[in-house]
There are 2 protein chains.
Amino acid sequence: MDISIIGTGNVSFHLAKAINKAKGINLVSITGTTLEKARSIKGKKKLIRLDSISEIPKSDIVIICVGDDKIAEVSDEIFRSKILQNSIICHTSGSISSKILKNHKKFGSFYPLQTFSKNNPLNFSKVPISLHANKRSVLKHLMQLAEAISQDVRLLNDADRLQVHLSAVISNNLVNHLIYLAKQRLTDQNINEDILDPLIKETINKLKIMSSFDAQTGPARRNDKATLSTHIKDLAKEPELQKVYKTITKSIIKTYKLES
Amino acid sequence: MDISIIGTGNVSFHLAKAINKAKGINLVSITGTTLEKARSIKGKKKLIRLDSISEIPKSDIVIICVGDDKIAEVSDEIFRSKILQNSIICHTSGSISSKILKNHKKFGSFYPLQTFSKNNPLNFSKVPISLHANKRSVLKHLMQLAEAISQDVRLLNDADRLQVHLSAVISNNLVNHLIYLAKQRLTDQNINEDILDPLIKETINKLKIMSSFDAQTGPARRNDKATLSTHIKDLAKEPELQKVYKTITKSIIKTYKLES
């Protein structure tokens with residue numbers, strides 16, 4: 001199966017690496033806005049690097065790995081290519097409907113759910129890949145590609161994928177920034193923030209053996225009003241963090257049906 | 001060095017286990033509100049289990065491991081014991097000043113920063129222990145105990161410890177509840193929430209090789225207004241989560257000096 005990727009960002013980088021390792025599938029082209037960017041993506045000898053969609057060679061699947069706001073434009077360019085008229089066209093976006101590709105005969109969504117950074121090595125076989133396609137035959141091919149690079153392949157329609165993406169943003173982006181804020185306020189007070197590292201690690205480690213519902217501890221879980229009010233007072237000069245603290249505390253008290 | 005612990009909760013459980021493994025220190029007594037609770041704490045043959053502070057035998061250090069609201073009362077009871085008049089009295093609370101123990105000749109704070117659950121095995125040698133004492137000689141003894149069970153021993157005055165505790169609550173308790181909310185909303189929509197697990201794991205794993213500042217990704221980091229506004233709309237029926245989403249998004253935009 002011959003695959004082409006359009007886009008040269010973090011998702012593209014890790015996806016290309018995973019495809020290069022897999023059996024029975026070949027990455028035949030990578031297209032970037034400049035050849036230099038396309039060159040940053042590793043591939044086997046066969047891989048050609050392009051800066052124009054019109055030059056993409058015959059491919060079974062074309063994966064659009066560009067920013068959400070560029071997908072429609074890229075899709076239109078693919079549509080103008082005679083060579084790609086029988087290709088399956090899919091994108092990797094979490095938040096854009098696959099319908100954006102509906103001009104194509106065969107289209108779908110190929111959504112790997114993970115946080116991708118170029119300088120962070122990643123085991124793609126553990127990355128959940130969610131698929132959706134406009135036809136059963138298209139799904140079959142997307143499934144073949146997905147199963148060649150991951151052990152965790154799921155079917156997810158557009159509406160559900162949007163909800164998964166939103167929950168992913170909450171549990172990755174919002175969580176990461178909360179950790180940043182918790183550490184930054186210590187740095188600002190000349191306290192070594194690395195004291196939090198074992199706790200942060202264990203926060204997630206615990207979730208291997210218990211649910212986040214059962215893992216909840218702390219002053220809000222105990223409805224310890226004295227500590228809660230001291231904390232809220234201590235955050236007076238950090239109004240955004242104070243608002244987040246208050247709101248999540250309220251939600252914990254509600255979730256565990258504690259008297260507030 | 002002979003140690004007595006008062007309290008039979010999660011901290012006590014893990015602390016007793018760590019002391020039992022260490023060389024040169026002996027856990028001589030454990031006191032709980034009932035003997036049954038005291039029996040739940042494991043110890044060597046020598047360990048006696050008590051339900052009354054007045055019976056605690058001669059100890060170099062007495063560690064108060066009870067709820068914050070019980071520390072003053074326990075401290076008073078210890079004060080009435082003639083046997084413990086020369087003991088170092090310390091507590092393990094993150095949010096209570098060590099001054100609460102100031103009636104005693106030798107007192108201090110012995111604060112292990114970690115999330116403790118009985119059914120979650122823990123490597124105590126990686127738990128940061130923060131110490132504070134009213135005298136240099138007291139600190140020396142607390143240090144000896146702390147270094148026997150952990151590789152990460154720090155000095156932290158009362159004011160700074162309170163700030164560390166608040167940041168710990170943010171990065172553990174608030175983060176855990178955010179993860180709960182992110183998963184629960186998928187469950188409520190009949191979507192398998194375990195799709196988030198590899199992402200959640202990687203969110204923290206990434207922080208081994210980059211700072212939380214550099215690790216930030218997502219629509220807020222890109223100031224992707226279309227996705228942000230879709231997400232905020234999608235959270236209309238989850239007003240608390242919506243408020244948290246908005247507030248943290250605002251903070252990300254501010255932190256990275258993106259035009260809002």
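Labels below follow one simple rule: chain letters A, B, ... track the order of the sequence lines, proteins then strands, and each chain is numbered from 1. A quick note: this is a predicted structure, and the numbers were derived from the prediction, not measured.
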**OP:** Among the options B/Val127, B/Ile170, B/Thr115, pick out the one with the most heavy-atom pairs lying under 4.5 Å from chain A.
**Re:** B/Thr115

**OP:** Could you tell me whether the side chain of A/Glu240 and the main chain of B/Ile248 form a donor-acceptor pair under 3.5 Å?
**Re:** no

Original post:
To the nearest 0.5 Å, how far apart are NZ in B/Lys243 and NZ in A/Lys243?
Top reply: 6.5 Å

Original post:
Which bit of B/Ser95 comes within less than 4.5 Å of chain A, counting heavy atoms only: side chain, backbone, both or neither?
Top reply: side chain

Subject >> Which atoms of B/Thr227 approach chain A - backbone, side chain, both or neither, heavy atom under 4.5 Å >> reply: side chain

Original post:
When rounded to the nearest 0.5 angstrom, what is the spacing between CG in A/Asp68 and CZ in B/Arg222?
Top reply: 6.0 Å

Original post:
Top residue by heavy-atom pair count (under 4.5 Å) with chain A, among B/Gln184, B/Glu193, B/His165, B/Lys201?
Top reply: B/His165

Original post:
How long is the gap from NE2 on A/His177 to CZ on B/Arg221, to the nearest 0.5 Å?
Top reply: 11.0 Å

Subject >> Part of B/Ile191 within contact of chain A (heavy atom distance under 4.5 Å) >> reply: side chain

Subject >> Heavy-atom pair count under 4.5 Å with chain A, highest-scoring of B/Lys246, B/Met210, B/Lys208 >> reply: B/Met210

**OP:** Might you work through the salt bridge (Lys or Arg N to Asp or Glu O under 4.0 Å) test for B/Lys126 and A/Glu202, ending with a clear yes or no?
**Re:** CA-CA 11 Å; B/Lys126 304 276 184 191; A/Glu202 184 63 14; over 6 Å; no

**OP:** Mind ranking A/Thr247, A/Asn123, A/Leu166, A/Asn120 by heavy-atom pairs under 4.5 Å with chain B and telling me who comes out on top?
**Re:** A/Leu166

Subject >> Side-chain donor-acceptor contact under 3.5 Å, B/Asn172 with A/Thr203 >> reply: yes

**OP:** Can you tell which part of A/Ala226 gets under 4.5 Å to a heavy atom of chain B, answering side chain, backbone, both or neither?
**Re:** neither

**OP:** Examine whether an atom of B/Asn192 lies under 4.5 Å from a heavy atom of chain A, and if so say whether it belongs to the side chain, the backbone or both; otherwise answer neither.
**Re:** both

Original post:
Considering only heavy atoms, which portion of B/Val164 lies under 4.5 Å from any heavy atom of chain A: side chain, backbone, both, or neither?
Top reply: both

Original post:
Distance from B/Leu241 atom CG to A/Ser167 atom OG, nearest 0.5 Å?
Top reply: 7.5 Å

Subject >> Test side-chain contact (heavy atoms from CB on, under 4.5 Å) applied to B/Pro128 and A/Leu196, A/Asp194, A/Ile195, the passing residue >> reply: A/Ile195

Subject >> Which portion of B/Leu174 sits near chain A, non-hydrogen atoms under 4.5 angstrom >> reply: both

Original post:
B/Lys206 versus A/Asn176: any side-chain heavy-atom pair under 4.5 Å?
Top reply: no

Subject >> Proximal component of B/Thr255, with respect to chain A [non-hydrogen, under 4.5 Å] >> reply: side chain

Original post:
Does any heavy atom of chain A fall under 4.5 Å from the side chain of B/Leu156, the backbone, both, or neither of them?
Top reply: side chain

Original post:
Using a cut-off of under 4.5 Å for heavy-atom pairs, which of A/Asp197, A/Leu235, A/Leu162, A/Ile96 has the most such pairs with chain B?
Top reply: A/Leu235

Subject >> Region of B/Ala168 in contact with chain A, defined by heavy-atom distances below 4.5 Å >> reply: both

Original post:
Based on non-hydrogen pairs under 4.5 Å, which of B/Gly67, B/Gly218, B/Ser171, B/Ser211 is most in contact with chain A?
Top reply: B/Ser171

**OP:** Answer with side chain, backbone, both or neither: which region of B/Asp160 has an atom nearer than 4.5 Å to a non-hydrogen atom of chain A?
**Re:** both

Subject >> Under 4.5 Å from any heavy atom of chain B - which part of A/Ile209 >> reply: side chain

Original post:
Where is the tightest heavy-atom contact between A/His231 and B/Val169, given as atom of each residue plus distance?
Top reply: CE1-CG2, 3.7 Å

Original post:
Which bit of B/Lys254 is near chain A, if near means a heavy-atom gap under 4.5 Å: side chain, backbone, both or neither?
Top reply: side chain

**OP:** Output the distance between atom CD1 (B/Ile179) and atom CZ (A/Phe213), rounded to the nearest 0.5 Å.
**Re:** 15.5 Å

Subject >> Proximity breakdown for B/Ile204 and chain A, heavy-atom pairs closer than 4.5 Å >> reply: side chain

**OP:** Specify the closest pair of heavy atoms between B/Gln114 and A/Pro198, including all atoms of both residues, with the distance to one decimal.
**Re:** NE2-O, 3.2 Å

**OP:** Please state whether the side chain, the backbone, both or neither of B/Ala220 comes within less than 4.5 Å of a heavy atom of chain A.
**Re:** neither

